[in-house]
Amino acid sequence: MRDYRVLPAGDTALVVEFGDRIDRELNAAVLALAHSLEALRIPGIIETVPTFRSLMVHYEPLVLPASALAARIETLVRNLTAHDRTGHLWHLPVCYDSELAMDLDQVAQLTSLSVQQVIEQHSAPTYHVYMLGFLPGQAYLGEVVAELALNRLETPRTRIPAGSLAIAARMSCVFPLETPCGWHIIGRCPVPLWDHSRATALLAPGDQVRFAPVSLREFEKLARGVLEGKLRLEPIGEVVGAAA
């Protein structure tokens, strides 16, 4: 049985920790446990919230006591084995034009790369969606290639536009809303990652993302399509991976 621990988070939630690092194997265990709990539909469980290395399980203590929930979790973790899980593969258009990428030149200088090399290296990987957090619909995507791994800005900005594409350390994010930010902004995505009217996120933990560079003109056309309700992004396929 893999190592884990269960911690109380107030009176109505338990946190199941699988480790203390950002790691795809740990995240696979988190997502596998979330999938198992959701599939069982245990009365009293309200919601599961995956993070990089842990799963928060919200529950109704009058229906499901903490001790009973912890026992169910122990049984599931003991029998947690690799299985196929299906997520979505998304291609997100991103404009890396300097008009929208306020830190792109600086990132190129800090990494001793050309601007074009930064764009190529950032858009080449297929990113794993580890978790959603900070803002509604905001997906933490890994991993950024080591050549682009940078510390956060010494002085965060008080405001960046919605859709800003950013990097920090080995993570990349598209910020769904206008927000303060200390990450390096290298582009912008015209596709909304959060549907406020439906309170739904485009991406989900376990999904995969590829960034497709577009020109400023293409970005503006796509942005108009969003405003006019003519652009609706669909996944281009499904991805199947092992969740240990």
Side-chain angles (χ1 to χ4, degrees), residues 1-90 127-143 171 173-177 179 192-209 235 238-244:
M1 186 174 71
R2 67 172 60 248
D3 294 333
Y4 79 104
R5 62 176 183 164
V6 177
L7 304 171
D11 297 329
T12 59
L14 295 179
V15 174
V16 187
E17 284 193 349
F18 287 99
D20 58 1
R21 65 190 185 278
I22 296 176
D23 178 280
R24 287 206 187 190
E25 182 180 351
L26 293 183
N27 192 243
V30 170
L31 298 181
L33 179 59
H35 175 81
S36 297
L37 287 170
E38 290 164 6
L40 288 173
R41 298 182 180 275
I42 299 171
I45 291 183
I46 299 170
E47 180 185 20
T48 61
V49 182
T51 71
F52 288 110
R53 58 186 181 84
S54 65
L55 182 71
M56 178 172 280
V57 184
H58 294 272
Y59 67 97
E60 173 49 68
L62 297 180
V63 178
L64 181 64
S67 57
L69 176 56
R72 296 298 295 269
I73 289 170
E74 180 181 359
T75 300
L76 289 173
V77 173
R78 186 186 302 119
N79 298 296
L80 205 60
T81 58
H83 68 280
D84 287 339
R85 60 175 175 79
T86 302
H88 291 117
L89 174 63
W90 301 87
Y127 292 90
H128 169 70
V129 179
Y130 277 96
M131 60 171 283
L132 304 183
F134 182 61
L135 294 174
Q138 181 175 322
Y140 285 82
L141 308 171
E143 282 74 16
M171 290 287 115
C173 278
V174 174
F175 289 85
L177 305 173
T179 180
L193 299 190
W194 175 252
D195 186 333
H196 181 73
S197 63
R198 299 180 181 178
T200 56
L202 181 71
L203 305 178
D207 283 357
Q208 292 186 3
V209 173
E238 294 184 336
V239 291
V240 178

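Position 1 is the first residue of the sequence; numbering continues from there.
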Give the minimum heavy-atom separation between Y59 and A66, together with the two atoms involved.
OH-CB, 3.3 Å

Y140: partners by ring pair (Phe, Tyr, Trp, His ring centres under 6.0 Å), with sequence neighbours left out:
F52

Would you sort out whether V129 and L141 count as a side chain to side chain contact (heavy atoms under 4.5 Å, CB included), showing the intermediate values?
CA-CA 5 Å; V129 179; L141 308 171; 3.5 Å; yes

Holding to side chain to side chain donor-acceptor pair (under 3.5 Å), I want the full list of residues that pass it with E47, two or more places apart in sequence or in another chain.
none

First locate atom CG of L40, then atom NE2 of H35, and finally report the distance between them rounded to the nearest 0.5 Å.
9.5 Å

Distance from L202 atom CG to W194 atom CH2, nearest 0.5 Å?
11.5 Å

Determine whether L89 and D207 make a side-chain contact, defined as any pair of heavy atoms from C-beta on separated by less than 4.5 Å.
no

Distance check, rounded to the nearest 0.5 Å: L26 atom CG versus L31 atom CG?
11.0 Å

Going by side chain to side chain contact (heavy atoms under 4.5 Å, CB included), name the residues that satisfy it together with L37, two or more places apart in sequence or in a different chain.
L33, I42, I45, T48, L55, V57, L76

Gap between atom CG of D20 and atom OG of S54 - 0.5 Å precision:
11.5 Å

Under the side chain to side chain donor-acceptor pair (under 3.5 Å) rule, collect the residues that match up with S67, sequence neighbours excluded.
none

Atom of M56, atom of A9 and distance for their closest heavy-atom approach
CE-CB, 3.9 Å

Heavy-atom nearest pair, A13 first then H58, reads CB-ND1, 3.8 Å

Do T51 and V30 come close enough that some side-chain heavy atom pair is under 4.5 Å?
no

Which value, rounded to the nearest 0.5 Å, describes the distance between E143 atom CD and M171 atom CE?
5.0 Å

Just so I know, are the side chains of F18 and V77 near enough to count as touching, which here means a heavy-atom distance under 4.5 Å?
yes

Do you know the tightest heavy-atom contact between A139 and L203?
CB-CD1, 3.7 Å

Rounded to the nearest 0.5 Å, what separation is found between the OH atom of Y4 and the CZ atom of R78?
7.5 Å

In chain order, what residues pass the side chain to side chain contact (heavy atoms under 4.5 Å, CB included) check against A68, with sequence neighbours excluded?
L64, P65

Could you note down all residue pairs passing salt bridge (charged side-chain N to carboxylate O under 4.0 Å, His left out) where residues 48-72 supplies at least one of them, sequence neighbours left out?
E17-R53

Distance-minimising heavy-atom pair for P176 and G137:
CG-C, 3.8 Å

Salt bridge (charged side-chain N to carboxylate O under 4.0 Å, His left out): pairs with one or both residues in residues 131-142, sequence neighbours excluded:
none

Could I get the full list of side chain to side chain contact (heavy atoms under 4.5 Å, CB included) partners for T179, not counting sequence neighbours?
F134, L135, I160, F175

How would you list, by chain and number, every residue that makes a side chain to side chain contact (heavy atoms under 4.5 Å, CB included) with A70, sequence neighbours excluded?
L14

Looking only at heavy atoms, which two atoms of P61 and T12 are closest? And how far apart?
CD-CG2, 3.8 Å

